[in-house]
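Structure first, then comments.
Counting convention: from 1, in listed order, for ligands and their atoms alike.
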Amino acid sequence: MDAAADLPAANPIDVLAIAAHRDDVEQTCGGTLLRMAARGLRTAILDLTRGEAGTRGTADDRAREAAEAARLLGVTWRDALDLPDGSVENTLQNRIKIAAVLRRLRPRVVILPYWQARHPDHAITGTLGYEACFLAGIKKYETDASPFRPYKIVYASLYADVRPSFIVDITPFIDQRHAALMAYQSQYANQAAGSGLFVPEEEIRERTFAEARHYGLLAGVKYGEPFVQKEVGLVDDLTLIPVQSI
Ligand SMILES: [Zn+2]
């Protein structure tokens with residue numbers, strides 16, 4: 001992984017996933033990032049917090065684990081901002097911090113968490129990320145790179161009880177996605193700290209595979225990840241609609 005500043009401008013990121021916490025992406029869209037990387041696309045992850053408020057592990061533990069998960073997901077770049085874990089807020093200062101990264105990476109597509117969620121950090125990241133994408137295109141907010149807006153924003157909706165707009169087939173990548181999640185040993189390995197609060201390691205595989213199976217079934221594949229897009233699609237030729245349905 002390179003620092004953002006080292007990324008050549010001529011070779012921007014294709015897909016950037018933005019999430020509140022280290023290990024969110026591994027659960028909601030890690031299979032999709034693997035699939036995009038397998039297609040030759042350049043993928044990246046921006047986590048907004050560093051995990052200092054977690055019951056288990058330190059921020060340093062999570063940084064090491066996040067780097068290993070990034071390697072397993074085949075992403076080109078990963079970094080974490082310094083927003084406070086547990087109280088992510090949609091402020092102008094935070095929008096500018098994210099916009100500065102967007103302008104450097106210049107991703108064609110941005111994945112955000114769905115804008116309604118049980119955990120406030122997840123919900124706020126959905127709206128904060130959207131507004132940062134908008135702000136990144138406005139000239140008067142100066143950062144070290146020129147204004148830019150992504151072509152498309154999609155929302156990873158795994159945590160939300162909503163009907164997805166589309167599913168990405170992650171069947172060939174489900175085991176690798178699981179390996180990336182398990183890279184967070186400080187969170188998911190069985191241990192005394194928080195044992196009444198956390199799901200046992202053996203159950204995580206069953207739960208995450210069952211969720212992926214549920215969403216896969218909606219689209220007629222084995223394992224899938226769900227996404228919502230806000231915009232209505234424009235169709236030119238009904239015979240060329242790319243999304244299959246059953
Ligand atoms: Zn989270």
- Item | Within residues 22-32 or reaching into it, pairs that qualify as salt bridge (Lys or Arg N to Asp or Glu O under 4.0 Å) - sequence neighbours excluded | Asp23-Arg62, Glu26-Arg78

- SB check Asp79 Arg50 (cutoff 4.0 Å): no

- State plainly whether the residues Arg177 and Glu225 are in salt-bridge range, i.e. N to O under 4.0 Å. yes

- Message: If hydrophobic residues (ILVMFWY) are linked whenever their side-chain heavy atoms come closer than 4.5 Å, directly or via other members, who joins Tyr141 in its cluster?
- Response: Leu92, Ile96, Phe134, Leu135, Ile138

- Query: Do Arg108 and Tyr151 meet the cation-pi criteria used here (NZ or CZ under 6.0 Å from the six-membered ring centre, within 45° of the axis)?
  - Reply: yes

- With sequence neighbours excluded, residues passing ring-ring contact (aromatic ring centres under 6.0 Å, His included) with Phe227: Phe166

- Item | Under 2.8 Å from the Zn ion (ligand 1) - protein N/O/S, by chain and number | His21 ND1, Asp24 OD1, Asp24 OD2, His122 NE2

